[in-house]
Amino acid sequence: IRLGVRYLEKAVFNLDYGQLKLVFHALEERKQVIENAPHLCHALPCMTPCFNWFEVVYYWMGLKMYDLVAGRHILHLSRYYSVQESIELFPTLARKGKDKSLRGTVVYYDGQMNDSRLNVGLACSAALAGAAVLNHAEVVSFLKDEGSERIIGAKIRDNLSGQEFETYAEVVVNAAGPFCDSVRKMANKNAQSMICPSSGVHVVLPDYYSPEGMGLIVPKTKDGRVVFMLPWLGRTVAGTTDSNTSITALPEPHEDEIQFILDAICDYLNVKVRRTDVLSAWSGIRPLAMDPTAKNTESISRDHVVCEDFPGLVTITGGKWTTYRRIIFSMAEDAVNAAIKSGKLSPRNECITGNLRLVGGDGWESSSFTVLAQQYVRMKKTHGGKVVPGVMDTASAKHLSHAYGTLAERVATIAQNETLGKRLAHGYPYLEAEVAYCARNEYCESAIDFIARRSRLAFLDTDAAGRALPRIIEILAKEHNWDRSRQKQEMRKAREFLETFKSSKNAQFHDGKHQ
């Protein structure tokens, strides 16, 4: 999900070349990402409400400039809609705000993606291309050449088995996001910090808060912040905040941040916005970066930074998901170019990831789900042990097709042939077969892996994820031969993880108010 318009506005009014470059990069990559992973990424129209005629002209001109900057990478042209047209497109949009009336809206198109599935797709695509992929492992220390002190490898701990081993490389790339400073300080304990962590909180609400195919973005609220409300995987996601935070593996949203988001969207909706409607709320850490080699250390950017401040260790951090091919992927262009220079490597070809389809994307069509609906059934086992066939309904077929692309038939085959066709949680299309498939093919090694990193169930509905846990652990235990002790450990860790998601059920109360 992107908010490039915000950065374009800053670039124009602050004459900030760094922000403008970020917009250029994002727009350049946006259409490419949609083409490389068409099953996971799509164009989404976003509506900006205008409450006076100045706002109509201002946003219309600004979004036309956005179209212009996008150039040949444009998704669709932005346009103005009257009040009546806007209400038809977004029924929950308020005609009147506090002391103001709606004058119309301006709609532009941006990109939306399934981030967890895209991340897994990147890892699996790398593995298919010959990369050795390892998760649940951490760098314990670096190995250095005794003469030159150059980093030549790392000691790694497998956190599942506890075993440690050494591996060697011409160049080590540090792409640890907000944790990259702790990795850099393994190489040099006096290394200057380059991360300025920022907290971003999001809340998930029921689907009726927003229509299926239209988002709502307010570039500037009464206190100057950006808020958005977007359809997301069958629910509505709203956000966001931007505040200083400390770096932790399990960040938690504060109740006042959740309330800020609810209050902000309340001004623009005719729906009663209730804290009890929050299905999930979570906090993420943005790794805003400073270049440690720059003279002006006050310049914090949302663009990425690549540096080699210790021989043999290339660090890449900052940036945004939307320009992932340049930033986050371990084969990302800038990081690999820096690694080539550092290690004096001789690449056989130029970067090819610009037109590389991710696993499941090649040959996928938006109508691919119909094959699943017509040719497969969901075999389910009743509580009494009887096996009964269930229809592969449109919701399940579409979900599998969009989540797994052309590999969806493999998941459907498991659902049909191994009696794993039941849904994991009421009201959600996730099937038992997906747990088995992810365990076999997508490095799914824990319950948290599935509810948070192979699917987005924990983020969509914390309580539904909690109810699904026993069955998820049961399937994973069969796939990985877990004993009862390991199963109990998985349940405990997953419950602790879900406690950091502040749904209405696990929010804290004090004197009748949420805390």
Side-chain angles (χ1 to χ4, degrees), residues 21 24-26 28-29 32-33 35-37 118-135 137-156 165-177 179-181 183-188 191 194 287 289 291-294 301 303-359 361-362 443:
K21 190 171 71 167
F24 273 123
H25 278 172
E28 181 185 351
E29 293 294 311
Q32 202 66 58
V33 173
E35 290 174 0
N36 287 351
L118 188 65
N119 191 44
V120 173
L122 288 169
C124 292
S125 298
L128 285 172
V133 177
L134 181 66
N135 60 351
E138 65 175 307
V139 172
V140 177
S141 61
F142 285 120
L143 307 176
K144 297 180 182 179
D145 181 84
E146 291 181 5
S148 64
E149 285 291 296
R150 180 183 174 87
I151 289 175
I152 55 171
K155 178 182 279 190
I156 296 172
F165 59 93
E166 294 179 350
T167 186
Y168 293 84
E170 296 288 339
V171 183
V172 175
V173 177
N174 170 19
F179 303 98
C180 79
D181 278 338
V183 175
R184 291 170 63 242
K185 286 174 181 178
M186 286 184 198
N188 177 10
M194 60 188 296
D291 189 342
T293 62
S301 173
D303 200 356
H304 66 287
V305 172
V306 181
C307 66
E308 184 184 12
D309 51 354
F310 197 92
L313 179 67
V314 171
T315 294
I316 180 163
T317 190
K320 294 166 62 61
W321 239 124
T322 41
T323 48
Y324 83 90
R325 192 181 63 83
R326 289 175 179 265
I327 296 169
I328 295 179
F329 193 17
S330 63
M331 293 293 288
E333 203 170 339
D334 289 354
V336 171
N337 287 342
I340 289 168
K341 182 179 178 183
S342 170
K344 298 181 174 62
L345 308 177
S346 301
R348 287 176 292 181
N349 49 260
E350 295 291 317
C351 178
I352 61 169
T353 56
N355 298 300
L356 184 68
R357 285 283 176 112
L358 294 189
V359 61
D362 200 17
Y443 311 98

So, for V359 and C124, which heavy atoms are closest and what is the spacing to 0.1 Å?
CG1-CB, 3.9 Å

Could you walk me through whether I156 and V140 pass the side-chain contact (heavy atoms from CB on, under 4.5 Å) test, one step at a time?
CA-CA 6 Å; I156 296 172; V140 177; over 6 Å; no

Mind running side-chain contact (heavy atoms from CB on, under 4.5 Å) on E138 and F179 for me, showing each step along the way?
CA-CA 12 Å; E138 65 175 307; F179 303 98; over 6 Å; no

Determine the minimum heavy-atom distance between G147 and D145, stating which atoms define it.
N-OD2, 3.0 Å

Residues that K185 engages under side chain to side chain contact (heavy atoms under 4.5 Å, CB included), provided they are two or more places apart
A191, S193

Please evaluate residues V305 and I316 with respect to the criterion side-chain contact (heavy atoms from CB on, under 4.5 Å), reporting the C-alpha separation (whole Å), side-chain torsions for both, the decisive distance (0.1 Å), and the verdict.
CA-CA 6 Å; V305 172; I316 180 163; over 6 Å; no

Supply the atom-to-atom distance L356 CG to D362 CG, rounded to the nearest 0.5 angstrom.
9.0 Å

Do D181 and M194 come within less than 4.5 Å of each other through their side chains, counting heavy atoms only?
yes

Distance check, rounded to the nearest 0.5 Å: M186 atom CE versus N188 atom CG?
13.0 Å

Would you give me the side-chain donor-acceptor pairs under 3.5 Å for residues 168-176, sequence neighbours excluded?
| unit_1 | atom_1 | unit_2 | atom_2 | d |
| --- | --- | --- | --- | --- |
| Y168 | OH | E166 | OE1 | 3.2 |
| N174 | OD1 | A176 | N | 3.3 |
| N174 | ND2 | C180 | O | 3.1 |
| N174 | ND2 | T315 | OG1 | 3.3 |

Heavy-atom pair of closest approach, residues K144 and F310
NZ-CZ, 3.5 Å

Interatomic distance, CD@E35 vs CZ@R357, rounded to 0.5 Å, equals 7.5 Å

Would you please say whether a donor-acceptor pair under 3.5 Å links the side chains of R184 and T317?
no

Where the side chain of S342 meets the backbone of A338, is there a donor-acceptor pair that is under 3.5 Å apart?
no

Is it the case that more than 12 heavy atoms not belonging to K155 sit under 6.0 Å from its NZ atom?
no

Pair Q32, N355: side-chain N/O donor-acceptor within cut-off below 3.5 Å
yes

L358 vs L122, test: side-chain contact (heavy atoms from CB on, under 4.5 Å). Steps then yes/no.
CA-CA 7 Å; L358 294 189; L122 288 169; 3.9 Å; yes

Closest heavy-atom pair and its distance - Y443, A127:
OH-CB, 3.3 Å

